[in-house]
Amino acid sequence: MYEELEITHNQCLTCTKCPLHKSRHHVVFSDGVPNPKIMLIGEAPGYNEDIQGKPFVGKAGQLLDKIFASVGLSRNEIYICNTIKCRPPENRNPLPEEKEACWEYLKEQIDIIQPKIILLCGNVAVQSILGNVGGITKIRGKWFDGDEKVHGAKLMPIFHPSYLLRNDSREKGSPKWLMWQDIQEIKRVYESLG
Ligand code: URA
């Protein structure tokens, strides 16, 4: 598995399939372990990720780590990647043609790893994998049964940590409170996998 991922990673490092390669400092391929039960798919690298070449290393990533740590999970149990592997300028949303060009790499990551659980972090990841199933506030916390494209993984859309950083309330029903419910449900199903 490790060697297969390295082949895809190396292809990514020299990828010029979309114009984002011109402005990137680093391709941001993945972090975490290569044989996990959980895969998290984010949106796209931001400033810090582009500089360091690792996903979710900025403020949003630190919050993500805290969310996982709250139920005893860490990057040692999760494979973390993004819908696209190069930073869009000014952190704008990825364009359809950028997502299309990068899909092959994400698909290979899913095919090689075949995680049991896939967390879709924010609308961009949801759209890429599930298509038009509604906005994140409506569908977060719900389990979706994956088709053959994701090898039957259970999929859950969750809020993006950047959204949680902009919505700081912890009151009942707030995005942070809902995230807390979701991560506990994720942990419950994770543990039931044995
Ligand atoms: N936001 C993302 O969606 N991915 C990252 O890697 C960092 C921030």
Side-chain angles (χ1 to χ4, degrees), residues 1-65 67-68 73-115 117-131 136 146 149-151 153 155 157-163 165:
M1 181 187 287
Y2 184 76
E3 283 99 57
E4 282 176 279
L5 282 169
E6 273 311 283
I7 291 169
T8 307
H9 189 179
N10 286 334
Q11 284 166 354
C12 245
L13 292 179
T14 53
C15 179
T16 55
K17 290 203 297 180
C18 87
L20 294 181
H21 78 274
K22 292 187 199 146
S23 52
R24 74 177 173 227
H25 290 97
H26 288 101
V27 167
V28 178
F29 188 69
S30 70
D31 194 22
V33 286
N35 58 345
K37 296 193 187 114
I38 304 186
M39 174 187 263
L40 178 135
I41 305 176
E43 182 177 320
Y47 173 82
N48 291 293
E49 290 76 22
D50 178 53
I51 297 297
Q52 294 186 39
K54 253 173 133 184
F56 285 104
V57 290
K59 280 210 172 114
Q62 285 159 18
L63 178 56
L64 192 65
D65 287 343
I67 291 166
F68 281 119
L73 289 170
S74 75
R75 292 192 187 214
N76 293 332
E77 282 130 315
I78 301 163
Y79 183 88
I80 299 179
C81 61
N82 281 308
T83 307
I84 66 165
K85 314 301 188 216
C86 297
R87 183 190 180 207
E90 314 299 328
N91 297 342
R92 62 154 169 71
N93 277 349
L95 301 174
E97 54 270 30
E98 292 160 357
K99 287 194 280 184
E100 203 181 308
C102 223
W103 167 246
E104 173 195 337
Y105 302 124
L106 178 58
K107 177 78 174 97
E108 280 180 24
Q109 286 172 308
I110 295 169
D111 285 348
I112 295 166
I113 292 172
Q114 300 195 17
I117 295 174
I118 301 181
L119 304 178
L120 301 168
C121 192
N123 277 319
V124 170
V126 170
Q127 181 81 34
S128 285
I129 302 289
L130 294 175
I136 192 78
K149 182 170 82 174
V150 295
H151 305 274
L155 302 139
I158 57 171
F159 283 130
H160 195 286
S162 304
Y163 178 71
L165 288 171

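Only this structure's heavy atoms are used, side chains among them; waters, hydrogens and symmetry mates stay out.
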Taking every non-hydrogen atom, the tightest pair across [X] and [Y]:
| X | Y | value |
| --- | --- | --- |
| Pro45 | Cys86 | CD-O, 3.6 Å |
| Leu106 | Ile129 | CD2-CD1, 4.2 Å |
| Lys149 | Asp111 | O-OD1, 4.3 Å |
| Phe29 | Gln109 | O-NE2, 3.1 Å |
| Trp103 | Ser128 | CZ3-O, 4.3 Å |
| Glu43 | Asn93 | OE2-OD1, 3.2 Å |

Once rounded to the nearest 0.5 Å, what's the spacing between atom [atom1] of [X] and atom [atom2] of [Y]?
| X | Y | atom1 | atom2 | answer |
| --- | --- | --- | --- | --- |
| Gln52 | Tyr47 | CD | OH | 10.0 Å |
| Leu5 | Asn35 | CG | CG | 9.5 Å |
| Cys12 | Glu108 | SG | CD | 8.5 Å |
| Arg87 | Arg92 | CZ | CZ | 10.5 Å |
| Ile118 | Leu130 | CD1 | CG | 9.0 Å |
| Thr8 | Glu104 | OG1 | CD | 8.0 Å |

Is there a donor-acceptor contact under 3.5 Å from the side chain of [X] to the main chain of [Y]?
| X | Y | result |
| --- | --- | --- |
| Glu49 | Ala44 | no |
| Asn123 | Ile136 | yes |
| Lys17 | Ala101 | yes |

Surrounding [atom1] of [X] (heavy atoms of other residues, nucleotides or ligands, distance under 6.0 Å), is the total greater than 12?
| X | atom1 | value |
| --- | --- | --- |
| His25 | NE2 | no |
| Glu100 | CD | no |
| Lys59 | NZ | no |

Is the closest side-chain heavy-atom distance between [X] and [Y] below 4.5 Å?
| X | Y | value |
| --- | --- | --- |
| Leu40 | Leu64 | yes |
| Val28 | Pro55 | yes |
| Ile38 | Pro115 | no |
| Ile84 | Lys99 | yes |
| Cys102 | Thr83 | no |
| Tyr105 | Val27 | no |

Please determine whether side chain to side chain contact (heavy atoms under 4.5 Å, CB included) holds for the pair Ile112 and Tyr79, giving the CA-CA distance in whole Å, both sets of side-chain angles, and the decisive distance to 0.1 Å. CA-CA 12 Å; Ile112 295 166; Tyr79 183 88; over 6 Å; no
Residues in ring pair (Phe, Tyr, Trp, His ring centres under 6.0 Å) with Phe56, at least two apart?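 His160.
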Quick one: list whatever passes ring pair (Phe, Tyr, Trp, His ring centres under 6.0 Å) with Phe159, sequence neighbours left out.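 Here the qualifying residues are Tyr163.
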Could you walk me through whether Asn82 and Val124 pass the side chain to side chain contact (heavy atoms under 4.5 Å, CB included) test, one step at a time? CA-CA 10 Å; Asn82 281 308; Val124 170; over 6 Å; no
Thinking salt bridges, do Arg75 and Asp65 make one under a 4.0 Å N-O criterion?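 Salt bridge between Arg75 and Asp65, a charged N being under 4.0 Å from a carboxylate O: yes.
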